[in-house]
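A short worksheet on the structure shown next.
If you're wondering where the values come from, they're calculated on a predicted model, not measured in any experiment. Atoms within a ligand are numbered from 1 in the order they appear, just like the ligands themselves. Reckoned from all heavy atoms, side chains included, excluding hydrogens, waters and symmetry mates.
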Amino acid sequence: MLLFTNIVSNIGGDRVEVQALFPKARTPILEPRPSDAELISKADLIIVNGLELEAPTLKLAKASKPKDAEIYEVGNNTVTEEQYVFDASFPKEGGKPNPHLWVNTKYAEAYAKLAAEQLTELDPAGADYYATNLKNYQQRLEELDKVTRAVVASIPPENRKLLTYHDSWAYWAKEYDFDVIGAIQPADFNEPSAQDVAKLIDQIKESKVPAIFGSEVFPSKVEEQIAREAKVKTANTSDDDLPGEGSADAMENTNSEHTYIGMMAENLRILAENLGGNPDLVKDLNTANVVGPTATANASSTK
Ligand SMILES: [Zn+2]
């Protein structure tokens, strides 16, 4: 996915050519394209989220990868099974935990660290380069973490509740002390039943949340209808699509907001705006990559 491409290329810089398997979130289950087999057949290392998110692609990857290329499930190396979250869209009976670890900045940091380890193993001569990039990138993620805590603190405690269409905030909410009160998208990724919709509307009214959040990747008329009937605001957040135009590859990217950190900054702004917090807290966050064109632009800026 784009945000993994962005995280890995911040570490790999110009020593690594990073290609995205899912350049656009096409379907919630991330079905591979036939052409992905060819891409995989040229890879030295295949990094996936894991936690069952890319199950169909893993199958394809195992069949088409070079013999020596490792498939590395970064999520499975970030949390233990005890830390898995099961919830509305990822129920325990289904056996698939909520895979959205990366929305939690602390886990994104772990992803960056694990990517650096994998790249160093593959290319030991680049060890120092990867370590420097990791250090710089970790610093930037630490800033994001700090801003996140400030934004959360600016939101009135009674509004620190999330009802989203797509169920991607589970691990973020645990880290930053928010309540996920529900998700509209059912486990089978279809639209909810009329009965479920009525229940959700009641739940929103009861919880008194001022807003619910949709997803640009999964536009939903039902989500809009629920917001209308429950008389709350609605806005979109993202767990994959990077803001604006640009490349997810840090070495090619000239848009300093088209990054993982830029995506989270935009999410924080939207949460703050709609839940009674202070969106200005996000303004000075450095969302640029630590390598490539935006890194240069940033170093010479006085911001
Ligand atoms: Zn998602």
Side-chain angles (χ1 to χ4, degrees), residues 1-8 20-33 36 47-58 73-76 78-79 83-92 94-108 110-111 144 148 162-176 178-192 200 212-224 226 234-243 248 258-271:
M1 294 197 296
L2 286 180
L3 66 111
F4 297 148
T5 306
N6 185 243
I7 292 173
V8 174
L21 271 175
F22 303 104
K24 271 269 172 213
R26 293 177 302 259
T27 66
I29 41 167
L30 301 176
E31 285 289 350
R33 300 163 296 187
D36 287 337
I47 300 182
V48 297
N49 181 69
L51 273 70
E52 309 272 339
L53 176 64
E54 305 99 334
T57 305
L58 270 188
E73 296 182 88
V74 72
N76 301 54
T78 296
V79 290
Q83 293 169 302
Y84 286 179
V85 170
F86 294 94
D87 52 23
S89 307
F90 301 92
K92 194 143 207 174
K96 291 183 184 179
N98 193 315
H100 297 93
L101 298 176
W102 63 89
V103 180
N104 177 348
T105 303
K106 288 291 164 193
Y107 288 156
Y111 279 26
L144 170 63
T148 305
L162 282 177
L163 193 129
T164 59
Y165 181 75
H166 184 58
D167 192 4
S168 53
W169 289 85
Y171 300 92
W172 182 92
K174 256 176 105 178
E175 183 71 45
Y176 301 106
F178 247 71
D179 242 355
V180 176
I181 59 173
I184 298 169
Q185 190 175 44
D188 60 7
F189 289 118
N190 286 318
E191 289 288 37
L200 284 161
I212 64 173
F213 298 94
S215 154
E216 243 163 81
V217 179
F218 310 113
S220 161
K221 285 213 161 65
V222 176
E223 192 259 338
E224 287 166 28
I226 291 173
T234 175
N236 285 340
T237 61
S238 170
D239 67 4
D240 181 19
D241 242 5
L242 307 179
H258 194 73
T259 62
Y260 165 76
I261 297 176
M263 176 185 88
M264 290 312 298
E266 182 68 21
N267 282 337
L268 290 174
R269 210 169 6 244
I270 290 166
L271 293 187

Review point. Got a sec: is D239 within less than 2.8 Å of the Zn ion (ligand 1) via an N/O/S atom?
Key: yes

Looking at H166, the N, O or S atom sitting nearest the Zn ion (ligand 1) is NE2

Rounding to 0.5 Å, atoms CG (L101) and NZ (K106) come to a distance of 15.0 Å

- Query: Should E266 and R269 count as an ion pair when the cut-off is N to O under 4.0 Å?
  - Reply: yes

Here the gap from F218 atom CZ to N236 atom CG, rounded to the nearest 0.5 Å, amounts to 11.5 Å

Of all the N, O or S atoms in H100, the one nearest to the Zn ion (ligand 1) is NE2

Checklist entry - Where the side chain of E54 meets the backbone of G50, is there a donor-acceptor pair that is under 3.5 Å apart? => result yes

